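All values below were derived from every heavy atom in this structure, side-chain atoms included, with hydrogens, water molecules and symmetry-related copies excluded. Since the structure is predicted, the reported quantities are computational estimates derived from the model, not experimental observations. Order of the sequence lines fixes the chain letters, A, B, ..., with proteins taken first and strands second; residue numbering starts at 1 for each chain.
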2 protein chains.
Amino acid sequence: MLKYQQTADEIERYIEQHELKQGDKLPILEELIRQFAVSKTTMTKSLELLERKGIIFQVRGSGIFVRKTNRTGYIRLFSTQGFKQNLVGHTIESTVLALEPMSATNNIAKNLGIEAGETVYYVKRIRYIDGKILCLEESYYRQSIVPYLNREIVEQSIFEYLETALQLNIGFSDMYMHVGKLSAESARHLDLTEGDPGLTIETVFHLTNGRPFDYSVITYHYEHSHFVVQANGLYL
Amino acid sequence: MLKYQQTADEIERYIEQHELKQGDKLPILEELIRQFAVSKTTMTKSLELLERKGIIFQVRGSGIFVRKTNRTGYIRLFSTQGFKQNLVGHTIESTVLALEPMSATNNIAKNLGIEAGETVYYVKRIRYIDGKILCLEESYYRQSIVPYLNREIVEQSIFEYLETALQLNIGFSDMYMHVGKLSAESARHLDLTEGDPGLTIETVFHLTNGRPFDYSVITYHYEHSHFVVQANGLYL
DNA sequence: CATTTTAATTGTACATGCACAATTAATCAA
DNA sequence: TTGATTAATTGTGCATGTACAATTAAAATG
């Protein structure tokens, strides 16, 4: 593990152990450098990481402060950490509705930047959070990159399998969001009524080398999904 | 303007001028350093910025590549740039429905981390994108931080006014999203029907020094709002 | 005592340098 | 020609150092 990640984790633990609240001040940069025995570069990178995670904010000339949201029960949409760390205290379960190889349609091919007809793994799941229906997910994995999937893997975390077992390095993703009315089929799976609201997020996942390997379409249950995003630069 | 931001802009222009496409390779780091005549640190920071903006991705041992989304007409939800740069080619207009000082309710106070009863500016607007209704916005600005607002300012970009005229430094924000059914009143403003889907985003904006100054509740028109997010670390 | 000015504090920008990891290209072996 | 090994390429991690900007606290001023 990299030193600056390690250090960031340690600082995070420091915040927990000292029970620091929103707005509380951390030791000054120099002191942190001494305390954690790293160089300025490393400490700066650690702090930058924590800032992107929404855990601290830095004010030049003033200090480094703890940042916390005052709401609980919200799912982090774009966390630097994954689904799991994200949802400590929550139980995620999945029911597999489909798992089979198929030939990529035009739409799938376009999103994955491949030729139509190439083989992809089709995975359809319902995901539950604390026993309640969270979302309906349909994913398409390029078989040339993800050669094998089985029911056991798909019932757990697919991405964990990809990272640990297949040693794939997941890089970045493009997400497209819109809100609409549920189709009869989606509504049935989500235990809702046709025409009810639904948030749909289409995501194209890429490896660190830029190759797209997964196109997924997720429709969230509007009553059970509340999201939080901690943004840093501007926004809308 | 900072050197690394300047350099990032120049590289962005370089990409445009050379008409580089998704996946195209940029000159190698050393070459970029020579070409733009900056140090390695600066160039690295510039590239990191561009990476966070979703404009490039870097692959160790391989090179630096252009990253582009293949969809148009989507609004960037969390861009490092603001609303304006974000929406080049689009026209944003606003109709002001309300603009008045008021006493903070419990909910507003809680979100802004202030005492109930403190004076806030209440702004209610409908915002249009290319002539179509985009969203209904209700914002509450702390008067102690934003002492003055008028109709002219509010019809344009409030944030631009805050940054340029008031010299406020906008830092980070916490956004809470959920999907629901429109109330009769919201539906009326959005020219939709009660019970139609709506994406609601509550945002608490902070200055760089960590002080919250604006709590806003925006409900988007589900037919006219499609969002794109370019994420980097993990996600869900 | 209120206000301005100055000084101390504290994080950020930028430069240089060394070591190293991941990828890719070149070489070699069979 | 294929597959393995080696070497070259290329970005990242980490350390050190100087200068500086924003904030805050202290001192000076009226």
Select from B:Leu47 and A:Gly61 the residue whose nearest nucleotide in DNA chain D is closer to the 5' end of that strand. B:Leu47
Could you state the NZ-P distance from A:Lys25 to C:dT9, rounded to the nearest angstrom? 12 Å
Pick from A:Arg76, A:Arg52, A:Lys53: which one makes a side chain to side chain donor-acceptor pair (under 3.5 Å) with A:Gln230? A:Arg76
Using whole Å, what does the distance between atom P of nucleotide C:dT10 and atom CE of A:Met43 come to? 16 Å
Report the distance from atom CG of A:Asn169 to atom P of C:dA22, rounded to the nearest whole Å. 8 Å
What is the nucleic acid contact for A:Leu29, judged by heavy atoms within less than 4.0 Å: base, sugar-phosphate only, or nothing? base
Take atom CD of A:Glu30 and atom P of D:dG17, then tell me their distance rounded to the nearest Å. 13 Å
Assess whether a salt bridge exists between A:Arg13 and A:Glu10, defined as any Lys/Arg side-chain N lying under 4.0 Å from an Asp/Glu carboxylate O. no
Please classify the nucleic acid contact of A:Ile64 as base, sugar-phosphate, or nothing, using heavy-atom distances under 4.0 Å. sugar-phosphate
Whichever of A:Leu26 and A:Thr208 has the more 5' nearest nucleotide on DNA chain C, that residue is A:Leu26
From the list C:dC18, D:dT23, C:dA13, which nucleotide is the closest neighbour of the side chain of A:Val59? D:dT23
From the options B:Glu138, B:Glu137, B:Glu155, select the one residue that forms a side chain to side chain donor-acceptor pair (under 3.5 Å) with B:Arg125. B:Glu137
Would you mind telling me which of C:dT23, D:dT24, C:dG11 lies closest to the side-chain atoms of B:Ser62? C:dT23
Per nearest nucleotide of DNA chain D, the residue lying toward the 5' end, B:Gly63 or A:Gln5, is B:Gly63
Taking atom types as they are modelled, is there a donor-acceptor pair under 3.5 Å from the base of D:dT18 to the side chain of A:Lys40? yes
Looking at every strand, decide which applies to A:Leu2 at a 4.0 Å heavy-atom threshold: base, sugar-phosphate, or nothing. sugar-phosphate
Could you check how far CD1 of A:Ile33 sits from P of C:dT10, rounded to whole Å? 13 Å
Residues B:Lys45 and A:Glu48 bridged, charged N to O under 4.0 Å: no
Would you say C:dA15 has OP1 or OP2 under 4.0 Å from some side-chain N or O of B:Ser39? yes
Please check the phosphate of D:dC14 (OP1 and OP2 only) for any side-chain N or O of A:Tyr4 closer than 4.0 Å. no
Short question: side chain of B:Lys25, backbone of B:Ser62 - any donor-acceptor pair under 3.5 Å? yes
Please check: side-chain N/O of A:Lys21 versus main-chain N/O of A:Lys68, any donor-acceptor pairing under 3.5 Å? no
What is the distance, rounded to the nearest whole Å, between atom CZ of B:Phe57 and atom P of D:dT12? 12 Å
A:Asn209 vs B:Lys3, nearer the 5' end of DNA chain C by closest nucleotide: B:Lys3
Could you state the CD-C1' distance from B:Glu48 to C:dC14, rounded to the nearest angstrom? 14 Å
From C:dA21, D:dA15, C:dG11, pick the nucleotide closest to the side chain of A:Val38? D:dA15
Answer with base, sugar-phosphate or nothing: what part of the nucleic acid does A:Lys45 contact at a heavy-atom distance below 4.0 Å? sugar-phosphate
Using a cut-off of less than 4.0 Å, is there contact between a side-chain N or O of A:Thr42 and OP1 or OP2 of D:dG13? no
Presence of donor-acceptor pair under 3.5 Å, side chain of A:Thr41 and base of D:dA15: yes
Can you check the A:Met1 CE to D:dC14 P distance for me, whole Å? 11 Å
